[in-house]
Amino acid sequence: MLFFSFFKTLVDQEVVVELKNDIELKGTLKSVDQFLNLKLDNISCTDQTKYPHLGSVRNIFIRGSTVRYVYLNKNMVDINLLQDAARREAMTEKK
Amino acid sequence: MSPLLKDCLHKQVLVITTSGECILATLEGFDKNTNIIISDVVDRCTLRPTAMAQAVRGSEIVAIGPIDGVPTDTVSLLKDTKNKVPNEHLIWEKVYQSKLYRH
């Protein structure tokens, strides 16, 4: 559940999502669910000329299983908080 | 029911599948595994109608987005998500033959 919580802290931030079919989408992260399905608002394709398919789409639901990378800005992540959360998660798994 | 698709219900959506197809249709229903039921299915690449209604398995779905305005231009097929390595067996053959593998 760590990544689910982590992505929940990124809601309303601008991220770039790279899919397994090489499409890169920039947009505001609107919601995440337990499968790490993502919902992006105001999307724009990084390579619009190559992928005109999403021209008339503003909000998109992305199935979590087809995401290759989510690019984040460095200052979006509170590393100390993340380390803490990871430790706590590891502790609960041991029990 | 995953709530993320709720606001797309009964709207015109664009569906991208893992085989690289682009589909225009009306979203009629979905479930927890993102299996979907769509109606008035049109192929986005050729803009030809393909089915009255269709069920798509969740594992075949890449993305779903509601569209505003009907697109009139045809587009090419997208890349699939299979991430295949061409001639992978030749690579493995070399790995087997290499000394690194034997020791």
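Side chains are part of it too, since the values below use all heavy atoms of this structure and drop only hydrogens, waters and symmetry mates. Sequence lines set the chain letters: A, B, ... in the order given, protein chains first and strands last, and positions in each chain run from 1.
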Sequence neighbours excluded - ring-ring contact (aromatic ring centres under 6.0 Å, His included) pairs with any residue from residues 3-22 of chain A:
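Applying ring-ring contact (aromatic ring centres under 6.0 Å, His included) to every pair that reaches into residues 3-22 of chain A, excluding sequence neighbours, yields nothing.
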Could you see if [X] belongs to whatever hydrophobic cluster contains [Y]? Use Ile, Leu, Val, Met, Phe, Trp, Tyr and a side-chain cutoff under 4.5 Å.
X	Y	value
A:Met1	A:Val32	yes
A:Leu81	A:Leu10	no
B:Phe30	B:Ile37	no
A:Val16	A:Leu38	no
A:Val70	A:Leu19	yes

For A:Ile60 and B:Ala63, the nearest pair of non-hydrogen atoms, with its separation, is CD1-CB, 3.7 Å
For A:Phe35, the hydrophobic cluster (side chain heavy atoms closer than 4.5 Å, chained through members) also holds none
Separation between CG (B:Leu27) and CZ (A:Phe61), nearest 0.5 Å, reads 10.0 Å
Distance col, row B:Cys22:SG vs A:Leu54:CG, nearest 0.5 angstrom, shows 6.5 Å
What part of A:Ile62 gets within 4.5 angstrom of chain B, counting heavy atoms only: side chain, backbone, both, or neither?
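Both backbone and side chain.
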*asked:* Please classify the contact between A:Ile23 and chain B as side chain, backbone, both or neither, with a heavy-atom cut-off of under 4.5 Å.
replied: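 Looking at A:Ile23, just its side chain touches chain B.
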Residue set satisfying side chain to side chain donor-acceptor pair (under 3.5 Å) with B:His89, at least two apart, ordered chain then number -> none
Geometric donor-acceptor pairs, no angle filter, chain B-chain A, under 3.5 Å:
from, atom 1, to, atom 2, distance (Å)
B:Leu4, O, A:Lys39, NZ, 3.1
B:Asp7, OD1, A:Lys39, NZ, 3.0
B:Asp7, OD2, A:Lys39, NZ, 2.8
B:Asn33, O, A:Arg63, NH1, 2.9
B:Thr34, OG1, A:Arg63, NH1, 2.5
B:Gly58, O, A:Arg63, NE, 3.1
B:Gly58, O, A:Arg63, NH1, 3.3
B:Val62, O, A:Arg63, N, 2.9
B:Val62, O, A:Thr66, OG1, 3.4
B:Ile64, N, A:Phe61, O, 2.7
B:Ile64, O, A:Phe61, N, 2.6
B:Asp68, N, A:Ser56, O, 3.3
B:Ser76, O, A:His53, NE2, 2.5
B:Lys79, NZ, A:Asp22, OD2, 3.4
B:Asn83, OD1, A:Arg68, NH2, 3.3

> CG of B:Leu90: more than 12 outside heavy atoms within 6.0 angstrom?
Replying inline: yes
_Below 4.5 Å, heavy-atom pairs only: which of B:Val13, B:Leu14, B:Leu5 has the largest tally toward chain A?_
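Sorted descending by pairs with chain A, the first entry is B:Leu5.
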